[in-house]
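Okay, so here's the structure we're looking at.
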Amino acid sequence: MKTLVVAERKGTELRRVTLELAAKARELGDATVVEIAGERYSPLPFVSALAQRVESEKPDLVLLGATLNGRDLGARLAARLGRAYAADVTDLRAAGNALEISKPMYAGKVRAKLRLGLPAVVSVRPGAISLKEGAAAPEVTKIEADGSAEKLTFVKLAATATTAKRVSLSEARVVVSGGRGLKGPENWHLVEQLADALGGAVGASRAVTDAGWRPNEEQVGQTGKTVTPDLYVALGISGAIQHLAGMTSSKVIVAVNKDPDADIFKIADYGVVADVFEFVPAFTEAVKKVRAS
Amino acid sequence: MKILIPLKQVPDSTVRVKVAPDGTSVVTEGITWSISPYDEYAIEMALERKDADPSTVVAVVTVGPERSRDALRQALAMGCDEASLVRAEGAAPLAVARALAKVVAEAKPDLVLCGKQASDDDQGFVGPALAELLGWPHVATITKVVPAEGAVELWREVEGGHEVWKAPLPALATVHKSEKEPRYPSLPGIMKAKKKDIPERPLDALGVDVAAPTWTVVSMEPPPARGGGKILRDGDAKQIAERLATALRDEAKVL
């Protein structure tokens, strides 16, 4: 199978998901990796450049990361080319002249296996494809975004100061999320210090982002981000079904809550029935100690 | 300004979705249906524009089965002005986008707001596809819309902040969140919605090509059950914390 992978960068580094896609593409057969060079992502210039490339190379499959931009670009590209499309796929393999894909549906409450005809465009969830340690970085061909296709004007970037220095939530291998049990935004240093000790990203429950304690972009759950880290730590989160939908595929789940009947304990691998204010500082210290030894 | 919102009726987010005995679909009997959550945010965003400028007209449309009429009625009760139904069962996503493109061509809205993805298939395809078919620019996953002279400023949530884009009208945006939580229908709103006509026509009547690539379901299953986890109890906070950190390193191997 001939696959075209669309690379993404964060800063100067290729995103981990790009390496994952390149590994999967090599497994499927002939792989090419392209990066669309432009000042910032915008649908029309990116779709135009990519569609031209796809039409000249005619890959059976176009793979993108199911990231904020990858999902958007993939959808519009598939519509332009009239190709089959599947978003946020967690596994794929060749099945005759089609693809068999796995995809969470109903916000993760169902796992579907689907048969998708080729040629196709597929976006793959970051972290879903396992990457061997030390996998070689793929060779990346740059193509220019087609500025002539642009109809939008970029006005400005309005930054939220809080999260810029940490790893991105949807790609993080460790996520520490806080819920209403933290009692207020002034206590978020507890979540942040634990996240920093673990080298992870900070998330929040919907109750917390709705209350304005934390920015929306940190929300984990059905109307927020879906995360699949190796370790998910839920602090003071009761475990509403909508929150579970966003994190239940994490490899290992740790829950800290003072209510022993909280639903979060039903899916946790390790539960601690404790007051977060007492337990979290002790746990942060213990993590530092264990990581240092 | 006229704003059109294509919406989808989906199982309510509180429904514990179950795989049907056939193993390729989900149980839909007896469940509660709702407007897909991101579509609700799109409606709220449009209604906030209408609150600010009462001359704003907010219309909703859906391409779906007869039961979707309830979702349209709900949108009217929230305060939308018009609703219409294109009746279809299991249409391919690209065919849905084509039907919506036809509706947009007739209704001539200035702005189309779509939820960023429906909470059943989680695809996020129809919004960008509709913009593509219309030849319109689009901005994905916005959280705010601000009218500007003959244009709109669209705030797009990205890692670390918001990008602000100016789009000439007509334009399309997919919505990640509204500034306020979606409003509940008021009692007068519900009464008014009951009296409103919701015109309906079958997908065939639109004269769009319904042939489009789609997938076939091989199987559906619930996610692997979790559980059998350990509750760490004995000792004080420090002792439990140390046992947990050690277990995460030696047992779970994630540290």
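Hydrogens, waters and symmetry mates are skipped; everything else that's a heavy atom, side chains included, is used. Below, read A as the first sequence line, B as the second, and so on, with proteins coming before strands; counting in each chain starts at 1.
Classification of Glu181(B) and Arg206(A) as a salt-bridged pair holds, one side-chain N sitting under 4.0 Å from a carboxylate O. One finds no salt bridge joining Glu100(A) and Arg115(A) here, because no Lys/Arg side-chain nitrogen approaches an Asp/Glu carboxylate oxygen to under 4.0 Å. Between Lys238(B) and Glu278(A) there is no salt bridge, since no side-chain N of the basic residue sits under 4.0 Å from a carboxylate O of the acidic one. Between Lys180(B) and Glu44(B) no salt bridge is recorded (no basic side-chain N to carboxylate O distance below 4.0 Å). Remark: Arg80(A) engages Glu132(B) in a salt bridge, criterion side-chain N to carboxylate O under 4.0 Å. Using a cut-off of 4.0 Å between Lys/Arg side-chain N and Asp/Glu carboxylate O, Lys225(A) and Glu159(B) are scored as not salt-bridged. A salt bridge links Asp120(B) with Lys8(B): the distance from a Lys NZ or Arg NE/NH1/NH2 to an Asp or Glu carboxylate oxygen falls below 4.0 Å.
Only the side chain of Trp155(B) comes within contact range of chain A, with at least one heavy atom under 4.5 Å from a heavy atom of that chain. For Ala274(A), no part sits under 4.5 Å from any heavy atom of chain B, backbone or side chain. Neither the backbone nor the side chain of Gln239(B) comes within less than 4.5 Å of any heavy atom in chain A. Contacts of Asn216(A) with chain B are made by both backbone and side-chain atoms, with heavy-atom separations under 4.5 Å. Of the atoms belonging to Leu198(A), it is side-chain heavy atoms, and not backbone ones, that fall under 4.5 Å from chain B. Looking at Asp275(A), there are no atoms closer than 4.5 Å to chain B (heavy atoms on both sides), in backbone or side chain. Contacts of Ser219(B) with chain A are made by both backbone and side-chain atoms, with heavy-atom separations under 4.5 Å. In this structure, no portion of Val280(A) lies under 4.5 Å from any heavy atom of chain B. Contact of Arg40(A) with chain B is made through the side chain alone, with heavy-atom distances under 4.5 Å. Within the 4.5 angstrom heavy-atom criterion, only side-chain atoms of Arg156(B), from C-beta onward, approach chain A. In this structure, the portions of Ala131(B) lying under 4.5 Å from any heavy atom of chain A include both its backbone and its side chain. Within the 4.5 angstrom heavy-atom criterion, no atom of Ala225(B) approaches chain A. In this structure, chain B has a heavy atom under 4.5 Å from the side chain of Ile241(A), while its backbone stays farther away. With a 4.5 angstrom heavy-atom cutoff, Ser123(A) does not touch chain B via any of its atoms. Using a 4.5 Å cut-off between heavy atoms, Ala252(B) touches chain A through backbone and side chain atoms alike. If you measure heavy-atom distances from Lys230(B) to chain A, the contacts under 4.5 Å come from both the backbone and the side chain. Only the backbone of Pro104(A) comes within contact range of chain B, with heavy atoms under 4.5 Å apart. With a threshold of 4.5 angstrom between heavy atoms, Gln242(A) approaches chain B through side-chain atoms but not through N, CA, C or O. When heavy atoms are compared at a cutoff of 4.5 Å, Ala240(A) does not approach chain B at all. Proximity to chain B (any heavy atom under 4.5 Å) is restricted, for Leu44(A), to the side chain, taken from C-beta onward. Both the backbone and the side chain of Val158(B) come within contact range of chain A, judged by heavy atoms closer than 4.5 Å. At a 4.5 Å heavy-atom cutoff, the contact between Pro223(B) and chain A is made by backbone and side-chain atoms alike. Contact annotation for Glu285(A): neither backbone nor side-chain heavy atoms come within less than 4.5 Å of a heavy atom of chain B. Heavy-atom distances place both the backbone and the side chain of Lys156(A) under 4.5 Å from chain B. For Phe125(B), the parts lying under 4.5 angstrom from a heavy atom of chain A are both the backbone and the side chain.
Once rounded to the nearest 0.5 Å, the distance linking CZ of Phe279(A) with CG of Leu244(B) reads 5.0 Å. In this structure, OG1 in Thr223(A) is found 11.5 Å from NE2 in His243(A), a value given to the nearest 0.5 Å.
Side-chain N or O atoms of Arg291(A) include one that pairs as donor or acceptor with a backbone N or O of Ala197(A) at under 3.5 Å. Listed for the Lys144(B) side chain is no donor-acceptor partner under 3.5 Å among the backbone atoms of Ser178(B). Using a distance-only test at 3.5 Å, with no hydrogens or angles considered, no donor-acceptor pair links the side chain of Asp39(B) to the main chain of Ala42(B). Arg71(A) places a side-chain N or O within 3.5 Å of a backbone atom of Gln123(B) that can act as its donor or acceptor partner.
Annotation: maximal heavy-atom pairing with chain B below 4.5 Å, among Ser249(A), Ala158(A), Ser170(A), Gly74(A), occurs at Ala158(A). For the set Leu94(B), Asp122(B), Asp236(B), Thr214(B), the entry with the most heavy-atom pairs within less than 4.5 Å of chain A is Asp122(B). Across Lys116(B), Gln117(B), Lys253(B), the residue that shares the most heavy-atom pairs under 4.5 angstrom with chain A is Gln117(B). Ranked by heavy-atom pairs under 4.5 Å with chain A, the first of Arg16(B), His162(B), Glu163(B), His138(B) is His138(B). Ranking Glu242(B), Arg249(B), Lys18(B) against chain A, the residue ahead of the rest is Arg249(B), based on heavy-atom pairs under 4.5 Å. Ranked by non-hydrogen atom pairs under 4.5 Å with chain B, the options Ala84(A), Ala268(A), Ala78(A), Ala86(A) are led by Ala86(A). Contact tally against chain A (heavy-atom pairs below 4.5 Å) for Pro37(B), Ser119(B), Ala92(B): the top residue is Ser119(B). Of the residues considered (Val287(A), Asp230(A), Asp88(A), Thr248(A)), Thr248(A) shows the highest number of contacts with chain B, using heavy-atom pairs under 4.5 Å. Chain A forms the most heavy-atom pairs under 4.5 Å with one residue out of Val26(B), Thr246(B), Thr14(B), and that residue is Val26(B). With chain B as the partner, the residue from Leu116(A), Leu73(A), Leu68(A) showing the most heavy-atom pairs under 4.5 Å is Leu68(A).
Thr209(A) and Glu218(A) are not linked by any side-chain donor-acceptor pair at a separation below 3.5 angstrom, with hydrogens and angles left out of the test. With 3.5 Å as the limit, one finds a donor-acceptor pair spanning the side chains of Glu251(B) and Tyr270(A). With 3.5 Å as the limit, one finds a donor-acceptor pair spanning the side chains of Ser42(A) and Glu150(A).
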Criterion side-chain contact (heavy atoms from CB on, under 4.5 Å) on Val273(A) and Phe265(A), from CA distance to verdict: CA-CA 9 Å; Val273(A) 182; Phe265(A) 288 125; 4.0 Å; yes
Derivation and outcome, side-chain contact (heavy atoms from CB on, under 4.5 Å), residues Asp72(A) and Thr141(B): CA-CA 9 Å; Asp72(A) 186 46; Thr141(B) 56; over 6 Å; no
Candidate pair Lys251(A) and Leu231(A), rule side-chain contact (heavy atoms from CB on, under 4.5 Å), full reasoning: CA-CA 6 Å; Lys251(A) 205 166 119 198; Leu231(A) 175 61; over 6 Å; no
